[in-house]
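Below is one structure, written out as structure tokens; the observations come after it.
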Amino acid sequence: DTEVTQTPKHLVMGMTNKKSLKCEQHMGHRAMYWYKQKAKKPPELMFVYSYEKLSINESVPSRFSPECPNSSLLNLHLHALQPEDSALYLCASSPAGAGGYEQYFGPGTRLTVT
Amino acid sequence: KQEVTQIPAALSVPEGENLVLNCSFTDSAIYNLQWFRQDPGKGLTSLLLIQSSQREQTSGRLNASLDKSSGRSTLYIAASQPGDSATYLCAVGLLGGGADGLTFGKGTHLIIQP
């Protein structure tokens with residue numbers, strides 16, 4: 001099974017809402033990633049969990065909060081988002097986070113903030 | 001800061017032609033380079049992964065090369081088909097420190113005319 005799954009596929013939320021995105025993989029990978037992709041732009045790294053240790057892209061605002069309950073699951077908690085946060089949110093995993101490994105991407109969650 | 005550039009930004013060719021997509025990066029201290037395909041509104045599909053110690057990888061009609069010292073990679077597509085129409089993204093994994101995510105180029109939007 002080389003699949004990374006993401007739920008929901010689409011999400012519309014208001015600026016005062018709290019919501020969560022979910023990502024799951026069953027490949028035994030020890031590193032998981034969140035990327036944000038705006039329309040017609042390349043994906044940009046937000047967070048990395050590698051062996052349950054979190055690394056953060058310092059440009060990501062605190063209204064995004066990642067959580068890694070176990071090595072197969074990765075959540076992204078959203079709170080007080082802005083319309084400019086509307087984007088495709090991609091989750092990926094790799095066997096380890098130390099580089100040199102192929103990253104496998106999920107289908108993404110299309111987020112619209114109204 | 002690593003910068004990844006892809007040329008051309010867009011390409012339209014008749015079916016059956018062989019074509020080359022180019023990728024360049026500014027920092028040669030990379031773990032690997034990965035080529036992806038992205039269909040509109042969808043996630044990323046990994047096409048080829050080249051480790052920093054390798055010069056090329058092949059999968060079916062695709063061949064990717066890597067010249068780390070000059071900071072260049074090419075993706076060669078043989079006998080193009082309409083189903084190859086998509087955006088092709090090049091991404092590098094950077095050696096050392098911080099989050100071990102990928103840095104992407106802006107992509108080449110490819111259209112294969114039937």
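A note on names: the letters A, B, ... follow the listed sequences, proteins ahead of strands, and every chain is numbered from 1.
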Under a 3.5 Å distance rule, please check whether A/E102 uses its side chain to pair with a backbone N or O of B/S46 as donor and acceptor.
no
Do [X] and [Y] sit in the same hydrophobic cluster, where Ile, Leu, Val, Met, Phe, Trp and Tyr count as joined when their side-chain heavy atoms come under 4.5 Å apart?
X: B/V20; Y: B/I111; value: no
X: B/W35; Y: B/L19; value: yes
X: B/L47; Y: B/Y76; value: no
X: B/L110; Y: B/L62; value: yes
X: A/Y89; Y: A/L54; value: yes

Start with the C-alpha gap between B/Q38 and A/L88, add the side-chain angles, then the distance that decides, and say whether side chain to side chain contact (heavy atoms under 4.5 Å, CB included) holds.
CA-CA 12 Å; B/Q38 187 172 33; A/L88 181 67; 3.9 Å; yes
Is there a side-chain contact between [X] and [Y], using heavy atoms and a 4.5 Å cut-off?
X: A/K40; Y: B/K106; answer: no
X: B/L44; Y: A/Y104; answer: no
X: A/P42; Y: B/V4; answer: no

With rounding to the nearest 0.5 angstrom, report the OH to CZ distance, A/Y35 to B/F104.
5.0 Å
Of the non-hydrogen atoms in A/P43 and B/L89, which two are nearest, and what is the gap between them?
CD-CD1, 4.2 Å
Is the number of heavy atoms from other residues, nucleotides or ligands within 6.0 Å of CZ (A/R63) greater than 12?
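Correct, the count exceeds 12.
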Other residues, nucleotides, ligands: >12 heavy atoms within 6.0 Å of A/K41 NZ:
no
Answer key: most heavy-atom pairs under 4.5 Å with chain A among B/K42, B/Q6, B/Q34, B/H109 is B/Q34
Examine whether an atom of A/Q37 lies under 4.5 Å from a heavy atom of chain B, and if so say whether it belongs to the side chain, the backbone or both; otherwise answer neither.
side chain
